[in-house]
Amino acid sequence: MTTSFSPPSLAAPRELGTVLRQQGYVVLDAHDVGLLGGCSAAELHALRPFWANLPPDTFMKDGGRYRRRRHACFVVQNGQVTQAPHRAHWQPVEYNALHGGMQRLFEPILPAMLAQPVWQKLLVWLGQVCSGLKGEQPWFVEAHQFRIDTTDGIGRPTPEGAHRDGVDLVAVFLVDREGVKGGETRVFEAAGPNGQRFTLTEPWSVLLLDDARVIHESTPIQPLESITQGGHRDTLVVTLRASGFQGDSQ
């Protein structure tokens, strides 16, 4: 039997900036994402089909076949979103001990998804959140579509373990989860003893992280006993970073 802990609730959307500065992370439900992002539930859910046919992640150093993904880059400045040329995703080994130091060129996010008006709204909103936290400036954004499935009997959302991403803000949107147990989110102070554990279950709820202050991970998923065809957990992970994309100066 698996125990699922509900995410800590935010009393009011207007508290977002204050709570993020105080504790280094915030969880928003789908209603507040729509309210703050200026988008409807229908617009958000219209993105869900784009997770159906993600290509396999061919860079898995643990040999796993459980991760599928797409990737795209943008610059958000003055309320405008500009797509950057497609590029490899790169992280230093200090932030990703398993896959750091690798130039990982993933398949791009499909143009039809990026053409959805809600996409621009979400990135502009996240740019505003990051500017409220770190000061107004251009934000270099990487977006990752992930599907973690139970092809191998177990799927690992964070095979690198508890980590930071080397950016300024991380947004982890739960898009869908079907036929799985596990996938518990854990957030810890980077320089202290405190931590939280909870399970994101509501589509388009989001975990926002001040990456300098907290470490995060998600526990493995397994199929429910009643599911014979396996299951999956879909997320959209968006990172925002000042002063360029990671890898520009490496």
Apply side chain to side chain contact (heavy atoms under 4.5 Å, CB included) to Leu16 and Val129, showing your working. CA-CA 8 Å; Leu16 168 60; Val129 172; 3.9 Å; yes

Does Leu174 form a side chain to side chain contact (heavy atoms under 4.5 Å, CB included) with Trp204? I'd like the steps, not just the answer. CA-CA 5 Å; Leu174 180 74; Trp204 293 105; over 6 Å; no

Applying side chain to side chain contact (heavy atoms under 4.5 Å, CB included), run through Tyr66 and Ile221 and close with a yes or a no. CA-CA 10 Å; Tyr66 53 80; Ile221 60 170; over 6 Å; no

Determine, step by step, whether Phe188 and Tyr25 satisfy the side chain to side chain contact (heavy atoms under 4.5 Å, CB included) criterion, reporting the C-alpha distance in whole Å, the side-chain angles of both residues, the deciding distance to 0.1 Å, and the verdict. CA-CA 10 Å; Phe188 312 93; Tyr25 71 93; over 6 Å; no

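To the nearest 0.5 Å, atom CZ of residue Arg197 and atom OG1 of residue Thr219 are 8.5 Å apart. To the nearest 0.5 Å, atoms CG (Asp152) and CG (Asp62) are separated by 8.5 Å. A distance of 9.5 Å separates CZ in Arg186 from OG1 in Thr158, rounded to the nearest 0.5 Å. Atom OG1 of Thr58 is separated from atom CZ of Arg68 by 11.5 Å, given to the nearest 0.5 angstrom. The CH2 atom of Trp125 sits 10.0 Å away from the CG atom of Leu35 when rounded to the nearest 0.5 Å. For the atom pair CG (Asp176) and NE2 (His45), the distance works out to 10.0 Å, reported to the nearest 0.5 Å.
Ile154 has its side chain within reach of Arg156: a pair of non-hydrogen atoms, C-beta onward, lies under 4.5 Å apart. Pro203 is not listed as a side-chain neighbour of Phe173, based on a closest heavy-atom distance of 4.5 Å or more. Looking at Met113 and Leu47, their side chains come closer than 4.5 Å, going by heavy atoms from C-beta outward. Between Leu169 and Leu209 there is no side-chain heavy-atom pair separated by less than 4.5 Å. For the pair Leu44/Val33, a side-chain contact is recorded, criterion being any heavy-atom separation below 4.5 Å from C-beta on. Inter-residue side-chain proximity for Phe106 and Phe59 is flagged as met; some heavy-atom pair is nearer than 4.5 Å.
Follow the hydrophobic side-chain contacts under 4.5 Å out from Leu110 and you reach Leu122 in the same cluster. Grouping the Ile, Leu, Val, Met, Phe, Trp and Tyr side chains by contacts below 4.5 angstrom, directly or via other members, places Val175 with Leu123. Following chains of ILVMFWY side-chain contacts shorter than 4.5 Å, one cannot reach Val170 starting from Ile215, and the two form parts of different hydrophobic clusters.
Asp168 and Ala242 make their closest contact through OD2-N, 2.8 Å (heavy atoms, listed as atom of the first residue, atom of the second, distance). Between Glu217 and Ala162, the shortest heavy-atom contact is OE1-N, 3.5 Å. For Lys134 against Ala212, the heavy-atom pair with the smallest separation is NZ-CB, 4.2 Å. Considering every non-hydrogen atom in both Arg213 and Gly24, the closest pair reads NH1-N, 3.5 Å. Smallest separation of non-hydrogen atoms from Pro157 and Pro220: CD-CA, 3.9 Å. The two residues Gly38 and Glu43 make their nearest non-hydrogen contact at O-OE1, 4.4 Å.
In terms of the side chain to side chain donor-acceptor pair (under 3.5 Å) criterion, residue partners of Asp149 (sequence neighbours excluded) are, by chain and number, Thr151. A search for salt bridge (charged side-chain N to carboxylate O under 4.0 Å, His left out) contacts involving Arg70 returns nothing, not counting sequence neighbours. By the side-chain contact (heavy atoms from CB on, under 4.5 Å) test, Thr185 is found to be paired with Val187, Phe198, Leu200, Leu207, Ser218, Arg233, residues two or more places apart in sequence or in another chain being considered. Not counting sequence neighbours, Gln128 has no partner by the side chain to side chain donor-acceptor pair (under 3.5 Å) test.
A salt bridge links Glu178 to Arg48: at least one charged side-chain nitrogen sits closer than 4.0 Å to a carboxylate oxygen. We find that Asp210 and Arg164 are not joined by a salt bridge, their nearest charged nitrogen and carboxylate oxygen being 4.0 Å or further apart.
The closest donor-acceptor contact from the side chain of Glu15 to the backbone of Leu20 lies at 3.5 Å or more, if one exists at all. Of the possible donor and acceptor atoms, one in the side chain of Asp211 sits under 3.5 Å from a partner among the backbone N and O of Val167. Counting only distance, with no hydrogens or angles, the side chain of Asp248 and the backbone of Phe245 share a donor-acceptor pair below 3.5 Å. Looking at Thr150, its side chain never comes within 3.5 Å of a backbone N or O of Gly155 through a donor-acceptor pair. Remark: the backbone N or O of Pro117 is not paired with any side-chain donor or acceptor of Gln120 at under 3.5 angstrom.
Counted within 6.0 Å of NE2 on His31, heavy atoms from surrounding residues, nucleotides or ligands total 12 or fewer; the atom is thus considered open.
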Show which side-chain atoms of residues 139-148 pair as donor or acceptor with protein atoms under 3.5 Å away, not counting sequence neighbours.
unit_1	atom_1	unit_2	atom_2	d
Trp139	NE1	Ser131	OG	2.8
Trp139	NE1	Gln137	O	3.2
Glu142	OE1	His71	NE2	2.6
Glu142	OE1	His89	ND1	2.9
His144	ND1	Arg69	NH2	3.0
Gln145	NE2	Phe50	O	3.1
Arg147	NE	Asp234	OD1	2.8
Arg147	NE	Asp234	OD2	3.4
Arg147	NH2	His232	NE2	3.2
Arg147	NH2	Asp234	OD2	2.8

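Screening residues 205-224 for ring-ring contact (aromatic ring centres under 6.0 Å, His included), with sequence neighbours left out, gives His163-His216.
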